[in-house]
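Here is the structure we will look at.
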Amino acid sequence: MRIDQLNVVLRARSQWEAMELGTALVRRHAGAIWKPWLLLTLPLFALLNLAGWWLDNLWLPALVLWWLKPAFERIPLYVISRGAFGAEPGTAETLRAQWNWGWRGTLAYLSWRRLSPARSLLMPVDLLEGGQAPQRRARRNALGGGSYGHAALLTWTCCHFETMLKLAGVALFFMFVPVEWLSESLRATWELIGNDTPPLVMVGFNLLAWTAMTLISPFYSGAGFGLYLNRRTELEAWDVEIAFRRLRERLLRAAPLLVVLCVFALPIFPAPAQQADTAAPAQHDNHKAAADTDTAVVAATPESVFGKTRADTAGFRQAAARVYEDPQLGAQRTVNRWVKKPSEAERRQRDDLPDLPVNAFAKLLALISESILWIAVGAIVLALIITARWWLPWLRGSGRRTRQAESPVLQEALQLPDVLPPDILGTARQLWQQGKPRHALALLYRASVDVLSQRGDVMLPPGATEAQCLRASRRMPQEADRLLFARMVRTWQYAAYAGTLPREDEFHTLLGELHQQFGWPA
């Protein structure tokens with residue numbers, strides 16, 4: 001892993017910023033992630049559903065797909081782990097890698113670690129670093145110690161996102177059902193789910209689960225990879241190492257120029273003695289040798305160092321093994337320090353020191369503070385003794401609590417009148433003056449519905465709702481009748497359901513418009 005080839009800015013980040021970095025990597029390499037994801041998971045989804053249909057167990061494909069999520073999450077991890085180093089793989093390369101890449105670490109996440117809440121953080125350790133089982137265990141303990149809680153919260157959040165997407169897909173279906181058929185559709189759907197669900201409905205539920213997994217899982221893996229990068233930056237100081245490497249590259253690029261400047265500047269300073277004169281050519285030669293050496297370092301390439309043959313990596317493997325043997329990697333140690341105890345003479349000499357003015361003032365302040373505290377404690381104890389007759393019975397559980405009798409709630413049934421009076425407006429005014437505004441508005445609404453039935457030639461069913469009446473009012477020939485009826489319905493709804501009554505002037509204005517438009521006697 002060449003950290004100098006990283007195309008992301010490594011710095012000290014919080015855990016939330018690290019997860020955002022991972023999701024940004026997923027967005028950057030979205031095409032390279034979702035293309036192989038769809039090409040791999042979509043045929044598998046179809047095969048599993050066909051097998052479930054044949055076995056008459058269509059709930060099984062959704063369970064199998066959910067259980068295989070760690071195997072699918074290798075795709076975004078493979079892409080962003082290489083894309084972060086400037087080598088984004090193609091679709092064919094990613095699909096070929098899924099046959100043999102990372103299966104040794106994935107098998108654990110498909111079995112006993114399947115329900116691990118920190119799977120997104122720990123999978124990069126097993127899949128990207130490799131190594132033996134004890135080494136991977138030590139690395140998981142070292143990397144997961146400071147970010148385990150955030151990784152578990154990430155798992156919990158993504159699980160909720162997938163659930164909400166599934167519920168949103170079900171709700172989207174019912175958005176296209178007409179309002180008057182909604183209750184019957186919900187009841188029929190509940191009966192189908194509870195008793196005998198059709199196969200197509202089960203396939204639709206499985207499709208919703210696959211869609212939610214396809215949308216959320218790559219971001220889940222990316223956020224975990226961001227936590228992994230952040231932990232390695234904290235533990236191994238990658239940002240500091242990158243800064244030193246860049247400083248070395250700048251110095252190497254500037255080294256030949258500095259050497260040339262030194263060479264041309266040496267004749268300007270005269271030598272004080274012959275020894276300096278004789279040392280100058282040697283120094284000049286040394287500078288030339290250093291310049292030649294630095295130039296050679298700059299011009300060095302892997303081919304010139306290792307040749308065309310493959311380099312032996314035994315030394316690298318030994319160095320990696322020594323890193324894993326380091327006791328600082330996840331180990332604990334106890335540090336004991338010797339502290340010199342003062343001798344008897346030193347303690348006696350310290351006690352015999354004269355009191356300085358600062359020490360005397362500090363002692364006086366401490367004495368005053370202690371006296372104030374004791375006075376406050378005494379006051380609190382005295383107050384408790386004086387008020388004991390009130391709080392002591394209550395503390396023992398024998399205190400009697402008097403509760404005020406609640407006033408009875410007055411309920412008055414409000415029903416629309418079945419028979420309309422001959423003087424509708426006069427009766428409504430009388431009810432309003434008697435303090436029964438809702439009854440007055442109920443009478444006007446009932447009378448307006450009667451006018452709707454007559455002028456619109458509509459036969460409303462018993463118990464028709466306001467929405468049904470509004471839809472039926474479209475058949476009224478005059479627009480003024482439709483507008484006045486809609487205003488009457490809104491006024492009644494505000495009073496009946498929202499408890500918002502019209503003002504008295506608004507009520508009398510409404511009576512005048514009803515008298516003028518519907519022809520009711522004043």
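As a basis for the values below, the full set of heavy atoms in this structure was taken, side chains included, without hydrogen atoms, waters or symmetry mates.
- Between the side chain of Q98 and the backbone N or O of L95, no donor-acceptor pair lies under 3.5 Å.
- Side-chain contact annotation: Y228 with R232, donor-acceptor N/O pair under 3.5 Å present.
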Are E129 and R139 close enough, and set up right, to give a salt bridge (Lys or Arg N to Asp or Glu O under 4.0 Å), and what steps lead you there?
CA-CA 9 Å; E129 297 185 11; R139 289 292 292 172; 2.9 Å; yes

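- Under the 3.5 Å distance criterion, the side-chain polar atoms of N206 are matched with a main-chain donor or acceptor of L58.
- S81 places a side-chain N or O within 3.5 Å of a backbone atom of Y78 that can act as its donor or acceptor partner.
- A cation-pi geometry, defined here as NZ or CZ lying under 6.0 Å from the six-membered ring centre and within 45° of its normal, does not hold between R482 and F485.
- Two rings, from W34 and F219, have their centers less than 6.0 Å apart.
- With no hydrogens or angles considered, no side-chain donor-acceptor pair links Q493 and Y445 at under 3.5 Å.
- Looking only at atom types and distance, the side chain of T155 has a donor-acceptor partner in the side chain of Y220 under 3.5 Å away.
- Geometric assessment of R74 against the ring of F72 yields a negative cation-pi assignment under the 6.0 Å and 45° thresholds.
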Please walk me through it: do R104 and R136 pass side chain to side chain contact (heavy atoms under 4.5 Å, CB included)?
CA-CA 12 Å; R104 184 175 61 175; R136 296 200 306 270; 4.0 Å; yes

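- With rounding to the nearest 0.5 Å, the separation of NZ in K69 from CZ in R114 is 6.0 Å.
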